[in-house]
Novice: 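Before we start, here is the structure in question, set down as structure tokens.
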Amino acid sequence: MIGNSLPAELLLDRDVTDAQKDQLVSMLGDLGVRADARRALAHRGPAELGWVVLLALPLHSFLSGLGAEAVKDVYTGVKSLLRRGPRGDGAGSGGGDAGEDGAPLVLHDSVSGLRVVLEADLPAEAYRQLVALDLTAYRIGPLHYDRHRGTWRSELDEATG
């Protein structure tokens, strides 16, 4: 639990139900995050990440306040909630891929604009590295965990660096 309440913006795909939205806001509130939820525009460009939930907040404070296991629990909780569907019966949200493992949870740093993509089944080491990561070392992002190299990286930062 984070000591002081962190302000956050929770941007949800249109397929996330109101009941799921309320549960996400409540779950984040239990962690000390004061989330203001809203819906994403129905039409996004092809360059946009295929996310279901984008959480924008002061990322360094969030990560250092929670720790690796709690960040993993947030990801697991979000995916579990979205997979269950509005009735809690495993039916999904009924309108798309909101509960499928292919759509990541995206953390957006409200201070720097950097995005961190949490994909399905990241190893525990990825979460341990993430909470210790120096986010100021990246300028463009988004950050992805490279499973082959065992490290977080931004291909765009590497290409311009």
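The residues of the chain are indexed from 1 along the displayed sequence.
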Novice: By the definition side chain to side chain contact (heavy atoms under 4.5 Å, CB included), identify the one residue from D73, V131, V71 that meets it with L66.
Specialist: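 Only one option passes, and that is V71.
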Novice: Going by heavy atoms in the side chains, are V116 and L130 under 4.5 Å from each other?
Specialist: yes
Novice: If I compare all heavy atoms of R39 with all of R14, which pair ends up nearest, and what's the gap?
Specialist: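 Minimum heavy-atom contact is NH1-O, 4.2 Å.
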Novice: So, using salt bridge (Lys or Arg N to Asp or Glu O under 4.0 Å) as the criterion, who are the partners of D157 when residues are at least two apart?
Specialist: none
Novice: Which pair of heavy atoms, one from D13 and one from D15, lies closest together, and at what distance?
Specialist: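 Nearest heavy atoms, D13 then D15: OD2-N, 2.9 Å.
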Novice: Measure from the side-chain N and O atoms of Y75 to the backbone N and O of A120, and report whether any donor-acceptor pair falls under 3.5 Å.
Specialist: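 Yes; judged by distance alone, with no hydrogens or angles, the pair exists.
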Novice: Using the test salt bridge (Lys or Arg N to Asp or Glu O under 4.0 Å), find all partners of R139 that sit at least two apart in sequence or belong to another chain.
Specialist: none
Novice: Please assess L143 against V117 for the test side chain to side chain contact (heavy atoms under 4.5 Å, CB included), listing each intermediate value before the final yes or no.
Specialist: CA-CA 6 Å; L143 296 181; V117 180; over 6 Å; no
Novice: Are any non-hydrogen side-chain atoms of I140 and L114 less than 4.5 angstrom apart?
Specialist: no
Novice: Would you say V33 and M27 make side-chain contact, with heavy atoms under 4.5 Å?
Specialist: no
Novice: Under the side chain to side chain contact (heavy atoms under 4.5 Å, CB included) rule, what do L133 and Y138 come out as? Steps first, then yes or no, please.
Specialist: CA-CA 10 Å; L133 199 60; Y138 302 93; 3.9 Å; yes
Novice: Is D36 reaching over with its side chain to a backbone N or O of E9, donor-acceptor style, under 3.5 angstrom?
Specialist: no
Novice: Which atom names give the shortest non-hydrogen contact between L57 and P7, and what distance separates them?
Specialist: CB-O, 3.6 Å
Novice: For a quick test of reading the model, state the closest non-hydrogen atom pair linking P142 to L156 and the distance between them.
Specialist: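 So the two residues come closest at CD-CD1, 4.3 Å.
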Novice: Please report the interatomic distance CG(L55) to CG(L28), rounded to the nearest 0.5 Å.
Specialist: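 Output value for this atom pair is 5.5 Å.
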Novice: Compare all side-chain heavy atoms of Y145 with those of L118 and state whether any distance is below 4.5 angstrom.
Specialist: no
Novice: Using only atom types and a distance under 3.5 Å, with no angle test, would you say the side chain of D146 pairs donor to acceptor with the backbone of R149?
Specialist: yes
Novice: State the CG-OH distance between L63 and Y127, to the nearest 0.5 angstrom.
Specialist: 11.5 Å
Novice: If every non-hydrogen atom of A35 is compared with every non-hydrogen atom of V25, which pair is closest and at what distance?
Specialist: O-CG1, 3.9 Å
Novice: Between S80 and T76 (side chain of the first, backbone of the second, donor and acceptor by atom type, cut-off under 3.5 Å), is there such a pair?
Specialist: no
Novice: State whether a side-chain donor-acceptor pair under 3.5 Å links Q23 with S26.
Specialist: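 No, no side-chain donor-acceptor pair sits under 3.5 Å.
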Novice: Heavy-atom distance under 4.5 Å between the side chains of R38 and L11, does that happen here?
Specialist: yes
Novice: With a 4.0 Å cut-off on N to O distance, would you call R147 and D121 a salt bridge?
Specialist: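 Not counted as a salt bridge, because no side-chain N and carboxylate O are separated by less than 4.0 Å.
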Novice: So which atom in R115 and which in L54 form the shortest heavy-atom distance, rounded to 0.1 Å?
Specialist: CZ-CD1, 3.6 Å
Novice: What do you reckon, is CD of E125 surrounded by more than 12 foreign heavy atoms closer than 6.0 Å?
Specialist: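 Enclosed.
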Novice: Side chain to side chain contact (heavy atoms under 4.5 Å, CB included), that's the test. Do H144 and E119 meet it? Break it down for me.
Specialist: CA-CA 8 Å; H144 292 268; E119 297 161 340; 3.1 Å; yes
Novice: Whether the side chain of W152 engages the backbone of Q129 through a donor-acceptor N/O pair (distance < 3.5 Å, no angle test) should be reported.
Specialist: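 No, W152 side chain to Q129 backbone: no donor-acceptor pair under 3.5 Å.
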Novice: Does anything in residues 62-72 pair up under side chain to side chain donor-acceptor pair (under 3.5 Å), and if so which pairs, sequence neighbours excluded?
Specialist: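 Passing the test, one end in residues 62-72: no pairs.
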Novice: If you define the side chain from C-beta out and look only at heavy atoms, does anything of L10 sit under 4.5 Å from V53?
Specialist: yes
Novice: In the structure I gave you, are the side-chain heavy atoms of L59 and L135 within less than 4.5 Å of one another anywhere?
Specialist: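 Counting from C-beta outward, L59 and L135 do come under 4.5 Å.
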